[in-house]
Amino acid sequence: SPEKPIPGIKYLIGDVCNFQSDSRFDHIIHAASFASPIYYGSHPIETSLPNVEGTINLLRFSETMNLKSFVFISSSEVY
């Protein structure tokens with residue numbers, strides 16, 4: 001959870017590879033990934049899974065919604 005939550009925004013923290021929710025959303029911002037050479041150098045699979053499997057999971061989750069936007073935030077370091 002952020003230090004200063006923004007009213008009207010629901011923050012969900014968890015594993016995007018196994019994300020499930022009964023809630024409906026207008027926007028999804030996917031920002032789950034290790035973004036440091038320390039992590040992706042030593043944990044390449046754990047870095048790739050949220051970027052690939054997690055993104056697919058969130059897109060499948062959102063298929064039944066009328067999303068206004070889906071934003072995927074990553075870092076050039078991941079690639």
Side-chain angles (χ1 to χ4, degrees):
S1 243
E3 287 182 30
K4 295 181 182 179
I6 300 170
I9 294 181
K10 181 184 280 187
Y11 296 88
L12 302 171
I13 299 173
D15 182 354
V16 292
C17 295
N18 298 303
F19 177 77
Q20 295 179 359
S21 175
D22 293 330
S23 298
R24 299 199 54 82
F25 303 94
D26 293 323
H27 308 275
I28 292 177
I29 300 173
H30 169 15
S33 181
F34 292 120
S36 168
I38 294 169
Y39 295 115
Y40 68 76
S42 60
H43 300 349
I45 293 172
E46 292 85 350
T47 301
S48 298
L49 285 176
N51 285 299
V52 178
E53 188 176 315
T55 302
I56 291 168
N57 187 40
L58 289 173
L59 288 169
R60 285 188 177 140
F61 166 76
S62 68
E63 282 180 323
T64 61
M65 294 179 209
N66 189 17
L67 282 184
K68 294 177 183 173
S69 65
F70 183 99
V71 177
F72 173 56
I73 299 172
S74 189
S75 167
S76 63
E77 295 170 328
V78 173
Y79 306 103

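We use all heavy atoms of the structure for the numbers below, so side chains are in, but hydrogens, waters and symmetry mates are not. Everything numeric in this text was worked out from a predicted model, so none of it was measured.
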(request) Verify the cluster assignment for Leu59 and Phe19: are they in a single hydrophobic cluster under the rule of side-chain heavy atoms below 4.5 Å apart? (result) yes

(request) Over all heavy atoms of both residues, which pair between Cys17 and Gly54 is shortest? Give the atoms and the distance, please. (result) SG-N, 3.8 Å

(message) Around atom CG of Asp26, are there more than 12 heavy atoms from other residues, nucleotides or ligands closer than 6.0 Å?
(response) yes

(request) Looking only at non-hydrogen atoms, find the nearest pair between Met65 and Ser23 and report the distance. (result) CE-O, 3.8 Å

(message) Hydrophobic clustering (ILVMFWY, side-chain heavy atoms < 4.5 Å, transitive) - are Phe61 and Leu67 grouped together?
(response) yes

(message) So, using side-chain hydrogen bond (donor to acceptor under 3.5 Å, both in side chains) as the criterion, who are the partners of His43 when residues are at least two apart?
(response) none

(request) Check the hydrophobic clustering (I, L, V, M, F, W, Y; side-chain heavy atoms under 4.5 Å; chains of links allowed) and say if Leu58 and Leu49 are grouped together. (result) no

(request) Classify the angle between the aromatic ring planes of His30 and Phe72 as parallel (below 30°), tilted (30 to 60°) or perpendicular (above 60°). (result) tilted

(message) Does Ile29 have more than 12 heavy atoms from other residues, nucleotides or ligands lying within 6.0 Å of its CD1?
(response) no

(request) Give the cluster check for Val16 versus Leu12: same hydrophobic cluster or not, with ILVMFWY residues linked at side-chain heavy-atom distances below 4.5 Å. (result) yes

(request) Indicate yes or no: at least one non-hydrogen side-chain atom of Gln20 is less than 4.5 angstrom from one of Asn57. (result) no

(message) I want to check something: taking the side chain as every heavy atom from C-beta on, are Ser62 and Phe25 in contact at a cut-off of under 4.5 Å?
(response) no

(request) Decide if atom CD1 of Ile9 counts as having more than 12 heavy atoms of other residues, nucleotides or ligands within a radius under 6.0 Å. (result) yes

